[in-house]
Amino acid sequence: MAEGHAITHEGAGAQREHHAHAALAHHFDNLEQQREAGTIGMWVFLVQEIMFFGGLFLAYTVYRWQFPAAFVAASNHLNVRLGATNTIVLIVSSLTMALAVYYAQTGSRRNQLIFLLVTMALGTTFLVIKGIEYYDKYRDHLIPGSLIPGRPFHWDTVQHPLPIGVSEHNLEMFFWIYFAMTGLHALHMIIGLGILAYLVYYAYKGRFTPEYHAPVEISGLYWHFVDIVWIFLFPLLYLLGRHLEH
Amino acid sequence: MSEHIVSKKVYFVIFGALIAGTLLTYVAALQDLDFIFHGANTVVALTIAVTKATLVVLYFMHVRYSTRLTWVIVAAGLFWLMIMFALTFSDYFSRGWLSYPR
Amino acid sequence: MEETLATPSETPRVNYLNARYGLKSWLLTKDHKRIALLYLGGVSLFFLLGGIYAMLIRIELLTPKGDLFQSQTYNKVFTQHGIIMVFFFLIPAIPAVLGNFLVPIMIGAKDLAFPRINLLSWYIYMLGGILTIWALLSGGVDTGWTFYVPYSTNFSNTYVVLAGLGVFVSGFSSILTGLNFIVTIHTMRAPGMTWFRLPLFIWSHYATSLIMILGTPVIAITVLLVALERIAHIGIFDPRLGGDPVLFQHMFWFYSHPAVYIMILPSMGVISELIANFSRKNIFGYSFVAFSSIAIAVFGFLVWGHHMFVSSQSIYAGMIFSFLSFAVAIPSAVKVFNWSATLFRGSVSYDTPMLYGLGLIGLFLIGGMTGLFLAAIGLDVHVTDTYFVVAHFHYVMVGGTLMGYLGGLHYWWPKISGRMYPESWGRFAALIIFVGFNLTFFPQFVVGYMGMPRRYHAYPDIPIWQVLNVMSTAGATILGFGMLIPMVYLIWSMRYGRAASANPWALPGLEWRTSSPPPTENFTVTPVVTWEAYEFAPPEELKVIGKLEPRDRADYPPDYPAYTES
């Protein structure tokens, strides 16, 4: 019995590092375990995000399948140049985020800060371009429903005659999906910018070292995920049916 | 530490591939590919998107170098998305099969 | 003699309950055990509220005429009963209270992986609850808990958006709880605690967490779209504007069918513990029971269309869903058979928790079998939206969850509170609740099969219908009083109950190898697990497994060895 207890004590001692890192939370044995928990936690969260966006992707697919002509007409009304530019902006921001993680791993505080700030700048650029697009839609009366009071959805049938068998409601269907998906995506970008600001603050304080940089890494996962969502939104919303444009 | 540090070179190669994919999907979308088969544009656009997403997941998100658990989690997310699509469309696709007075 | 156990020789003076004092120490706590108690408070509150609505429904249905409520008031009453019970009691009850308390202890961890997120999830839950109560106080909701479009989007003139927001918000609390459990079970098991040494309670919580992560986001987005359509008059699901209301049902049931497994799976985990431990026997077919939990979580996502047999879903999809629904019966039956086999030749003791455990097997059997009726399209068309369906899902969801919740609460009460509940009162209440439950819901099968539709405040003046409804109301009254008994004596026992030892049931599980109540960090030293789950060693070895206190058990066999000797 006494022997058993001795083993236990020794085992417990070995569990927790003797000189615990300042960032080690009390309930973890070591930084490695803490990092693993954080990474898995973020991945599980991203799975949740897949399903969250998945509902909208499902609605998109169902309605595109039901109203193909309307979706082509409405999709061709989007500004594909701005959409493509935004895709490039996001991919560059993913690269800079990956490099920020790289410099956190290799322990360069300066480069880490630079790339985090560049990522933030690119994220902001994306949102500005998105804002310009939204404004264009507002100008063209393409905001669905009565979201903007006194400015209901209206399709200019003189300039863009309705395709055969397509009603204005079907076009409106595309636009609510467009706004819901890009809006939800933009919300994730804004949250991402908040996370980046937090990282910049702690990177500036020199908190992240080659031993401890899990927050940078985990936030990187989130940022890349938001990029991936856009990688799908771009072709689905802007490109499909573009070849039928007259 | 089990952590694997991906080299900068890999990041730049993947970045190049992603930019190339974006340009390719843009150019392909403007061509009428229906001469291959109906809906070829959609297939091309989605194939490129899936490829780009896979590259991001594998390299930028380090899944290539991660534990099997990470692979399983990613796969589970996609599998459940597939369930949702497959069973919902089992309804939509077969709705017209039986004609009955509405 | 290699058993290396963190058995406290005596109850330490400082435990998680008295480590710190004051309101702030509770509202800002990061201790999973205290958060579990916060959830216990919240869940009990909503259970009381939902129970009051249930009683109002039953009183209205005493007579065929609608003499208590207007029809719209009645609609609000059953809607609010449903929303509160489903989203604020049944879904969080076991995972957020018992799971929160026990998952870390049972795997030998100091806390859940993300304690702050755990606390956040409680605040989100309460915020969702407050939004819903706000909707009730403003005038209520009358759409049914299912929020079916187009009624909820275009016609109902009640507080749908506010209630929907409450459901949306509370969904995130369940996502965060699930996330925490998955990460904790993967990364924080004590040395030696391999996957197949995990108690089945942990397996079932793992399966539950999968559903929480994979299903909940879909209902979040669905409810959001309903709110958007209602606020902005967009034709998302409106057939007049090209939308498809059936798409709403697909998205709604993609979550809400698996959600019933969120309710029943944790309960099955509790029952597996109770059956094995109170038979003092290893569970029969451990890996089958463990994997059947995972199988239920997976199959649960393949069957949602059986809610839509009559809602213009394609008949071919209906057949697929019908077939798949039958498939869920397989892992469920595996569990029931294995529990029964565990009881066989076990030394079964009929303590209060075990009574609930056996009660669940009975109720789940009836609920599950009638589920097969409903999975068969032909029969389902006949009983759709009748009281048969109401009785079925109350048997599985309510019977299932309530039995597991109460059984688990009694079983772990000594660990949670450090006090024993009064055993004879416990057994008495368990019997009353079982009888009351069956008297409430069994007549509803009959009256439903006769064709009484659900969700009406009045029914035709057919004598036998009224007889059955009176029986049901009488049963609900008994059930209601039965529920009050544990509520009273559990609160009483917190102050006046007999102090519990570390291991009052003399069991091998890890949670019984720390003091009652446990210290804030759960174990004074990190435990090293060297035993299998439910390893009931011969009595002479038990003395090294854990210190047993025979005085805690009135019915202790006199020929049992005295453990206190060594």
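Note on naming: letters A, B, ... go to the chains in the order of the sequence lines (proteins, then strands), and numbering restarts at 1 for each one.
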Asker: I'd like to check B:Thr88 versus C:Trp304 (side-chain heavy atoms, cut-off strictly below 4.5 Å). Are they in contact?
Answerer: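 Yes, side chains in contact.
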Asker: So which part of B:Ile73 gets closer than 4.5 Å to some heavy atom of chain C, the side chain, the backbone, both or neither?
Answerer: neither
Asker: What do you reckon, is CZ of C:Phe326 surrounded by more than 12 foreign heavy atoms closer than 6.0 Å?
Answerer: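 For C:Phe326, atom CZ is crowded (more than 12 foreign heavy atoms under 6.0 Å).
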Asker: C:Tyr316 and B:Trp97: which non-hydrogen atoms are nearest, and at how many Å?
Answerer: CE1-CB, 3.4 Å
Asker: Where do C:Ala317 and B:Asp91 come nearest, in terms of heavy atoms and distance?
Answerer: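 C:Ala317 and B:Asp91 have their closest heavy atoms at CB-CA, 3.5 Å.
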Asker: If you count every heavy atom of other residues, nucleotides or ligands that lies below 6.0 Å from B:Phe79 atom CZ, does the total exceed 12?
Answerer: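 12 or below, so no.
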Asker: Give, as side chain, backbone, both or neither, the part of C:Ile182 having an atom under 4.5 angstrom from any heavy atom of chain B.
Answerer: neither
Asker: Where on C:Val218 is there a heavy atom nearer than 4.5 Å to chain B: the side chain, the backbone, both, or neither?
Answerer: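 It is the side chain, since no backbone atom gets that close.
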Asker: Does any non-hydrogen side-chain atom of C:His186 lie less than 4.5 Å from one of B:Thr67?
Answerer: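 No - every pair of side-chain heavy atoms lies 4.5 Å or more apart.
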Asker: For C:Phe301, is it the side chain, the backbone, both or neither that has a heavy atom under 4.5 Å from a heavy atom of chain B?
Answerer: both
Asker: Got a second to check how far C:Met319's CE is from B:Ser90's OG, nearest 0.5 Å?
Answerer: 11.5 Å
Asker: Would you please classify the geometry between the B:Tyr92 ring and the C:His250 ring as parallel, tilted or perpendicular, with 30° and 60° separating the classes?
Answerer: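 If you compare the ring of C:His250 with that of B:Tyr92, the planes turn out tilted.
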Asker: For C:Phe288, is the CZ atom crowded, meaning more than 12 foreign heavy atoms sit under 6.0 Å from it?
Answerer: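 It does not: C:Phe288 CZ has 12 such atoms or fewer within range.
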Asker: If I take atom CG from residue B:Leu87 and atom CG from residue C:Leu302, how far apart are they, to the nearest 0.5 angstrom?
Answerer: 6.0 Å
Asker: Rounded at 0.5 Å granularity, tell me how far OH in C:Tyr255 sits from CE in B:Met84.
Answerer: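 It is 15.0 Å, given to the nearest 0.5 Å.
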